[in-house]
Each structure stands twice: as C-alpha cells, then as structure tokens.
Amino acid sequence: WITEAPTPFKIFSEKRLNGGPHNSGWGVAWLVKNKWKIFKEGKNNVERFHFEKIKNLQSKTFLVHLRHASIGAETTRNAHPFIYKNWVFEHNGGISRKNIINHLNEKFRKTLTSETDSEVFFLLIMQLLEEKEDIVKAIKDALNIVKRYKYNGLKFILSDGKNLYVFRDYNTKLKEKESYYSLHYLFKNDQIIFSSDPLSSEKWKTVGLNDLFIVNKKLKIRKIKIM
C-alpha cells in the first residue's frame, strides 16, 4: 500500500518535503518466517534507487526508511534500518555520536557496521537490553544517557518481529524542528501504518512527544509516557 499511496514514500526522497530531500539512501526490513531480511541502498553506491523491489515483498511487518544524511557518508552501509540479532531499528534525528559511543562496551563497539549516530543509539539500547532484560527499561535508560549530550531528534521505530516499539521526541529548544520530527499513524485494512508525514488525505493520528507505542501482532497499542 505504501508504494501506491496518494503521497507515496518515493516522493519524500525526491522533493524538499519536510526538510528533504531524503535521498542519501533508503532501506527496507521485512519478516520472512520470523527472520528479518534487509535491503538497503546508498546514494554513493547506486545510479538510482530501486524502489520497485518493495512491491513484490510479502510480510506482515515492514520498516522502510529514507535517509537525509547528517553523520556518515551517503553509502549503503550507512542506510537504515540496522539489525542486531532479532532486532531492527530506524531513526530520524541526531545525537552526539562521539559521546554516546563511549557508553558502548567493547563487544558492541565491534558490532558497529556504520559511521552513523543512529546505529550507536540502537546498539546502546541493545546493550542495555542485555543488561536489564527489559526493553522498556533499556529504552528509558538509553534516552536518559543520550539526553546528557547535544541532540535534536529521537524519533525511532524498533522491532523484534513480535512487537513494534515506536517513539517520538525532539529537543524542544529547536521549535522550528517540531514538524520535521512529527510522527503519524493510521489504521487501514487490518494494518497500522506509522509515517513521519501522512501518506494520504485520511485522518491520521499523531504520536505525542515522549510517547512510546508498543504494538503487538494483533495491532493492540499500549502507550507509555517515557519522560
């Protein structure tokens, strides 16, 4: 459906919508027999983006990301989503990579595959998850660490294939960035779709600041106020 929407995600890569163009790279993660598959492309590595690849994919869960590079080259390895074991992650925003990376232990530093701040953020959550064995606590503690340093946006989607964890926040001192860090969702045809910007003229709802949405396979939402 996202490729056929009145405002398909392809448009965001090509036009200056909401701080774009988001054409540094793109990627998609999807579940096949409870295992994640990922396809990514970076602007520096391909002549054009092959968005048509997504049309033939079949899965109950997709994560699609269009990158507007801030840290790291416009390469395939820096495109989102990122994967660690059975978890995938995509992020819109910016954090202090040089400071946050110091919170990673040696194991997780060696796990890094990209130059991005986003993957460091992701692996910090994963490291804390292994320590605490509670994903909500891991997310809360990771956010507390990130907010000690300079940051702008902390909007992300995270999934283990069983649940979707959707969070929205940004540095409210940057008033001009409020719309850029918006996040919307829509129930449609036994699906729930999350998108930075509405993909149609339907009545999309807004994810509030500091709201963590946990969506299970039955599309039931549990909302937690993080901060």
Side-chain angles (χ1 to χ4, degrees), residues 1-32 36-40 49-68 79-81 88-93 118 152-170 172 174-226:
W1 179 79
I2 56 176
T3 60
E4 305 299 334
T7 307
F9 70 84
K10 183 174 183 290
I11 289 177
F12 293 98
S13 77
E14 297 175 342
K15 296 184 178 180
R16 296 191 175 275
L17 296 177
N18 202 1
H22 293 77
N23 61 0
S24 301
W26 84 286
V28 56
W30 69 102
L31 276 175
V32 178
W36 289 108
K37 302 287 186 180
I38 290 184
F39 177 82
K40 303 197 287 188
F49 292 140
H50 297 83
F51 291 117
E52 68 276 7
K53 286 187 177 291
I54 197 173
K55 290 189 175 183
N56 295 321
L57 301 180
Q58 293 189 6
S59 178
K60 291 184 177 180
T61 306
F62 288 92
L63 274 72
V64 180
H65 187 273
L66 301 170
R67 183 172 182 241
H68 180 68
H80 304 213
V88 290
F89 177 88
E90 59 186 26
H91 168 234
N92 178 22
S118 300
N152 48 41
L154 300 172
K155 183 173 68 176
F156 66 79
I157 297 179
L158 172 72
S159 180
D160 60 354
K162 299 175 184 176
N163 296 297
L164 205 63
Y165 300 85
V166 182
F167 181 75
R168 175 185 172 232
D169 192 19
Y170 78 105
T172 53
L174 306 173
K175 294 292 185 183
E176 72 281 4
K177 292 290 187 179
E178 182 175 5
S179 63
Y180 182 73
Y181 293 120
S182 61
L183 186 58
H184 302 82
Y185 65 102
L186 176 72
F187 284 96
K188 184 181 178 74
N189 300 332
D190 297 321
Q191 303 172 68
I192 184 169
I193 304 118
F194 289 91
S195 176
S196 292
D197 292 89
L199 298 172
S200 68
S201 60
E202 294 158 289
K203 291 184 178 180
W204 291 67
K205 296 181 179 180
T206 302
V207 176
L209 285 180
N210 297 311
D211 281 347
L212 175 67
F213 281 29
I214 303 174
V215 186
N216 65 21
K217 288 186 175 181
K218 294 182 179 180
L219 305 186
K220 300 295 184 182
I221 295 177
R222 180 161 66 101
K223 185 169 71 173
I224 300 172
K225 186 67 74 173
I226 290 292

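Worth saying up front: this structure is predicted, and the values here are computed from it rather than measured. One is the number of the first residue; the rest follow in order along the sequence.
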Could you give the distance from [atom1] ([X]) to [atom2] ([Y]), rounded to the nearest 0.5 Å?
X    : Y    : atom1 : atom2 : answer
L199 : W204 : CG    : CH2   : 4.0 Å
K203 : K205 : NZ    : NZ    : 10.5 Å
I226 : R168 : CD1   : CZ    : 14.5 Å

Exercise for review: Apply ring pair (Phe, Tyr, Trp, His ring centres under 6.0 Å) to H80 and list each qualifying residue two or more places apart in sequence or on a separate chain.
Suggested key: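 Applying ring pair (Phe, Tyr, Trp, His ring centres under 6.0 Å) to H80 gives H65, F82.
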Review point. Taking only residues two or more places apart in sequence, or in another chain, which ones meet I221 in a side-chain contact (heavy atoms from CB on, under 4.5 Å)?
Key: Y185, F187, I192, F213, V215
Practice item. Only counting residues at least two apart or in another chain, list the ones meeting side-chain contact (heavy atoms from CB on, under 4.5 Å) with E52. Key: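 By the side-chain contact (heavy atoms from CB on, under 4.5 Å) rule, E52 matches R48, H50.
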**Study point:** side chain to side chain donor-acceptor pair (under 3.5 Å) contacts touching residues 214-226 (sequence neighbours left out)
**Key:** D211-K225
**Study point:** side-chain hydrogen bond (donor to acceptor under 3.5 Å, both in side chains) against K175, all qualifying residues, sequence neighbours excluded
**Key:**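 Checked K175 against side-chain hydrogen bond (donor to acceptor under 3.5 Å, both in side chains); zero matches.
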**Study point:** E176 atom CD: more than 12 heavy-atom contacts under 6.0 Å
**Key:**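 Check passes, neighbour count above 12.
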Practice item. List the atom of E202, the atom of S200, and the distance in Å for their closest heavy-atom pair. Key: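 Smallest interatomic distance, heavy atoms only, reads OE1-OG, 2.6 Å.
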Practice item. Compare every heavy atom of E90 with every heavy atom of P81, then report the nearest pair and how far apart it is. Key: CG-OE1, 3.9 Å
Review point. Is there a side-chain contact between L183 and N92, using heavy atoms and a 4.5 Å cut-off?
Key: no
Study note, to complete from the structure: Given the options W30, F194, W36, L63 meets side chain to side chain contact (heavy atoms under 4.5 Å, CB included) only with W36
Exercise for review: Begin with the C-alpha distance, continue with both residues' side-chain angles, and end with the deciding distance and a verdict on side chain to side chain contact (heavy atoms under 4.5 Å, CB included) for T172 and L209.
Suggested key: CA-CA 10 Å; T172 53; L209 285 180; 4.1 Å; yes
**Study point:** Check: S59 side chain, T61 main-chain N or O, donor-acceptor pair, under 3.5 Å
**Key:** yes
Solution key, residues 152-166 side-chain donor-acceptor pairs under 3.5 Å, sequence neighbours excluded:
{"from": "N152", "atom 1": "OD1", "to": "G94", "atom 2": "N", "distance (Å)": "2.5"}
{"from": "N152", "atom 1": "OD1", "to": "Y181", "atom 2": "OH", "distance (Å)": "3.0"}
{"from": "K155", "atom 1": "NZ", "to": "S182", "atom 2": "O", "distance (Å)": "2.6"}
{"from": "K155", "atom 1": "NZ", "to": "S196", "atom 2": "OG", "distance (Å)": "2.9"}
{"from": "S159", "atom 1": "OG", "to": "G161", "atom 2": "N", "distance (Å)": "3.0"}
{"from": "S159", "atom 1": "OG", "to": "N163", "atom 2": "O", "distance (Å)": "2.9"}
{"from": "D160", "atom 1": "OD1", "to": "K162", "atom 2": "N", "distance (Å)": "2.9"}
{"from": "D160", "atom 1": "OD1", "to": "N163", "atom 2": "N", "distance (Å)": "2.9"}

